[in-house]
Amino acid sequence: MSEREPAAERERTSEKLVELAKRRGYFFQSSGAYGGVGGFYTFGPQGAALKGNVEDAWRDRFAVAEGNMEIDAPTIMPEPVFEASGHLDGFDDMLVECPECGESHRADHVVEDETEYEDAESLPIPEVEDVIAEYELVCPSCGAGLAGQAVDAFNLMFATTIGPGDSDPGYLRPETAQGIFVEFPRLKEYARNQLPFGVTQIGRAYRNEISPRRSIIRTREFTQAELEYFIDPEADEPDLESVADVEVTLYPASEQNADGGEEIRTTIGEAVDDGTIASPWVAYFLGVAKPWYDAVGVDMDRFRFRQHLSGERAHYAADCWDAESEIDGNWIEMAGFAYRSDYDLSKHAEHSGDRFTVFKQYDEPKTVERATVDPDMSYLGPEFGGDAQAVVSELEALAARDRSAFEGDAVEIDLEGETHEIPVEKTGFAVEEQTEAGKHITPHVIEPSFGVDRLVYTVLHHAYREDEVAGEERTFLELDPEVAPTFVGVFPLQNDDELEDAARDIAADLREAGLSVTYDDSGNIGRRYRRQDEVGTPFCVTVDYESIERDEGGVTVRERDSTEQKRLAIGELAETLSAIRAGDLAFEELGE
RNA sequence: GCGCGGAUGGUCUAGUGGUAGGACCUGAGCCUUCCAAGCUCAUGGCCCGGGUUCAAAUCCCGGUCCGCGCACCA
């Protein structure tokens with residue numbers, strides 16, 4: 001953990017940031033006129049622009065640069081989707097409150113810890129209450145009896161109804177991922193049935209949190225940027241070489257469990273070689289994410305990847321790492337990188353009856369011997385009546401399982417506990433050679449899932465600076481030009497019609513060049529600089545008398561962090577600033 | 001959801017049972033040839049509901065929201 005600032009100092013940073021965010025329009029609590037509503041925030045003009053820039057940067061890196069597809073799915077989906085995904089059950093917490101000490105506990109956990117029940121979560125609530133009474137379970141905190149206490153269900157999903165009446169329940173999605181998984185059968189067509197491929201989505205997700213906390217870090221409505229990357233686990237391998245040299249700080253489970261365990265500084269390549277990161281796919285995306293976080297302005301001294309402990313992993317996740325940033329001395333999760341195996345696609349295949357597989361062609365068609373049956377229905381029909389179809393199924397299964405069963409004159413099959421004999425000649429049994437061009441496989445999924453709001457908060461927090469300019473205290477945001485809400489401020493040096501006109505012209509030119517520009521002629525020049533500093537505008541252009549009196553008089557360009565100024569010809573302004581914005585040119589490289 | 005603390009202009013705050021003051025910000029004007037300067041003026045506020053009281057922003061109750069701790073975070 002960082003020791004560079006005392007804890008009290010760090011906390012003040014957070015308080016001051018939240019105050020600045022309100023005052024300057026980064027973010028604030030929603031519906032304030034009605035008393036506010038817990039866990040919902042509005043991004044103001046600055047915040048919306050910053051967030052949009054962060055999302056664009058994410059899209060550039062994880063969709064465009066990786067050659068992935070982006071989709072935009074609805075935020076409301078019908079109940080069966082969440083039955084399949086497991087959110088309907090899995091997102092449902094059973095809480096029981098202790099009558100003595102008032103603490104709430106997960107009822108299913110209390111039951112699992114103290115009885116032989118292993119999956120108490122799947123039990124109906126009355127049954128859980130009965131079990132608590134029957135076993136005389138007690139409060140884990142104070143030991144008071146919990147028998148007779150009501151068990152309350154709390155589902156983290158927001159429920160609604162679709163259409164008139166209440167017959168069609170729907171839910172606001174608790175993660176954007178399901179919108180991708182449910183459309184897999186079509187999405188794979190767009191990928192021309194070729195693995196691997198990735199689908200991204202940036203959108204809102206909703207969780208009715210019991211207790212939203214810490215401003216926009218934990219809210220009830222939030223934005224996720226997710227990538228679902230579908231692979232053939234037996235064949236596909238990531239381009240590890242491209243990220244092998246990326247330096248990372250890792251905090252693996254083994255270190256978290258050890259006394260005095262520490263974070264490890266290593267490279268992606270080494271971490272894969274020595275087995276610290278088990279999945280090369282997860283490692284690859286960690287390697288892509290780290291420089292990206294750096295580029296959008298996360299302080300790499302306050303950044304790490306932490307492996308989930310076995311207890312906190314979702315049951316389907318073979319391995320999971322979080323990207324974490326340090327805020328106020330606490331580590332907060334900004335993204336999760338999970339190997340989800342084929343869990344999601346298999347579940348949707350099972351529940352929907354649709355096919356969530358990709359046909360994978362062999363290099364060479366394979367010839368296989370296969371035992372088949374072609375039963376004589378004119379015999380089985382009269383013989384078994386309504387059970388005839390079940391008999392066929394049994395015969396098919398038996399042929400695949402055990403050919404030797406067909407070697408005698410008659411085959412024995414079990415049907416609902418009864419054994420029946422069927423003459424082999426009536427089964428149409430045959431062993432024949434078949435040519436297979438390939439097989440249907442259910443892809444595995446690697447899911448990098450980013451929390452955009454928490455990232456925005458981190459970027460702001462890590463950019464917050466205080467210094468002194470000309471003996472006056474100054475607050476500024478050292479935002480990267482790529483994400484800063486406004487790229488350049490344009491001012492007249494003084495309030496003078498000629499200067500103002502010239503400055504407005506320049507502002508218009510720069511806007512035409514695609515830059516985000518703000519024009520300001522109120523107060524004095526120093527005040528205007530400080531205003532832009534406080535919202536993180538990287539550059540300010542000031543028009544003075546020299547600019548308008550002489551040809552090629554030029555304007556001053558002032559850089560936010562150093563407050564240094566350089567003189568640039570008006571004609572070169574748009575081009576030069578655009579180059580800086582694109583990262584092709586640095587302010588320091590400009591002449592005087 | 002439980003416990004503790006809090007809520008006063010846009011922001012930060014002072015305050016007494018007798019209907020609120022400051023600072024900064026913002027706006028208008030003056031001044032000003034590059035970093036929140038100065039002067040004048042102006043806008044704007046007691047979280048919501050109920051109770052006690054002649055009178056409540058202040059006391060009491062309930063609610064909402066915020067912060068912290070616990071729990072929760074598939």
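The sequence lines fix the lettering, A, B, ..., with proteins before strands; numbering per chain opens at 1. As the structure is a prediction and not an experimental result, all values here were calculated from the model. Scope of the values below: all heavy atoms of this structure, side chains included, with no hydrogens, waters or symmetry mates.
With B:G3, B:U33, B:U11 as the choices, the nucleotide that has an atom nearest any side-chain atom of A:R213 turns out to be B:G3. When each of B:C65, B:A74, B:C73 is scored by its nearest atom to the side-chain atoms of A:E209, the top-ranked nucleotide is B:C73.
B:G51 and B:G69 have their P atoms separated by 38 Å, with the value rounded to a whole Å. B:G67 sits 41 Å from B:G29 when the P atoms are compared, rounded to a whole Å. Across the C1' atoms, B:A56 and B:A23 are found 28 Å apart, a figure rounded to whole Å. Nucleotides B:G17 and B:C24, compared at atom C1', are 31 Å apart to the nearest Å. A gap of 27 Å separates the C1' atoms of B:C4 and B:U52, to the nearest Å. Here, B:C72 and B:U19 have their C1' atoms 45 Å apart, quoted to the whole Å. Nucleotides B:G49 and B:A42 are separated by 31 Å at their P atoms, to the nearest Å. Of the C1' atoms belonging to B:G9 and B:U26, the separation is 11 Å, rounded to the nearest Å.
For the salt bridge (charged side-chain N to carboxylate O under 4.0 Å, His left out) test with A:E209, the passing option among A:R218, A:R220, A:R214 is A:R218; the others fail. Remark: of the listed residues A:E255, A:E324, A:E263, A:E324 is the sole one forming a side chain to side chain donor-acceptor pair (under 3.5 Å) with A:R306.
A:R218 has its CZ atom 15 Å from the C1' atom of B:C66, to the nearest Å. The nearest whole Å value for the distance from the CD1 atom in A:I327 to the P atom in B:G67 is 14 Å. In this structure, CG of A:L20 is placed 14 Å from P of B:C25, rounded to the nearest angstrom. Atom-to-atom, CG of A:L156 to P of B:G1 comes out at 13 Å; the value is rounded to the nearest Å. Between the C1' atom of B:C12 and the CG atom of A:L17 lies a distance of 16 Å, rounded to the nearest Å. A:F40 has its CZ atom 15 Å from the P atom of B:U64, to the nearest Å. Here B:C65 presents its P atom at 19 Å from CD1 of A:I216, a figure rounded to the nearest Å. Spacing between atom CZ of A:R214 and atom P of B:C65 amounts to 20 Å, rounded to whole angstrom units.
Salt bridge annotation for A:E472-A:R530: absent, with no cationic side-chain nitrogen under 4.0 angstrom from a carboxylate oxygen. Note on A:R504 versus A:D521: salt bridge recorded, some NZ/NE/NH1/NH2 to OD/OE distance being below 4.0 Å. We find that A:E473 and A:K16 are not joined by a salt bridge, their nearest charged nitrogen and carboxylate oxygen being 4.0 Å or further apart.
Taking the six-membered ring where the residue is Trp, A:Y206 and A:F158 present perpendicular rings, their angle passing 60° and hence far from 30°. Ring planes of A:Y229 and A:W281: tilted class, angle from 30 to 60°. Aromatic ring orientation, A:F356 versus A:F184: parallel (interplanar angle below 30°, classes split at 30° and 60°).
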Summarise protein proximity over nucleotides 34-49 of chain B in one line of letters, 5' to 3': B for base, S for sugar-phosphate only, - for none, counting protein heavy atoms closer than 4.0 Å.
BBBB------------
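For A:Q256, the CD atom counts as densely surrounded, since its 6.0 Å shell holds more than 12 non-hydrogen atoms of other residues, nucleotides or ligands.
For the OP1/OP2 pair of B:C12 and a distance below 4.0 Å, the side-chain nitrogens and oxygens of A:K16 include no atom meeting the criterion. Checking the phosphate oxygens (OP1, OP2) of B:G27, a side-chain nitrogen or oxygen of A:S522 falls inside 4.0 Å. Distances shown here put every side-chain N or O of A:Q494 at or beyond 4.0 Å from the OP1 or OP2 atom of B:U32.
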What pattern of brackets, bars and dots sums up RNA chain B from 5' to 3', given Watson-Crick or G-U wobble pairs under 3.5 Å, [ ] for crossing pairs and | for another strand?
(((((((..((((....[..)))).(((((.......)))))....(((((..]....))))))))))))....
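At the heavy-atom level, A:G39 lies under 4.0 Å from the strands shown only through sugar-phosphate atoms. Residue contacts for A:G86: at a heavy-atom cut-off of 4.0 Å it reaches no nucleic acid atom on any strand shown.
By the salt bridge (Lys or Arg N to Asp or Glu O under 4.0 Å) test, A:D533 pairs with A:R474, A:R558, sequence neighbours left out.
Under the 6.0 Å cut-off for aromatic ring centres, A:F28 and A:Y26 do not qualify, their centroids lying 6.0 Å or more apart.
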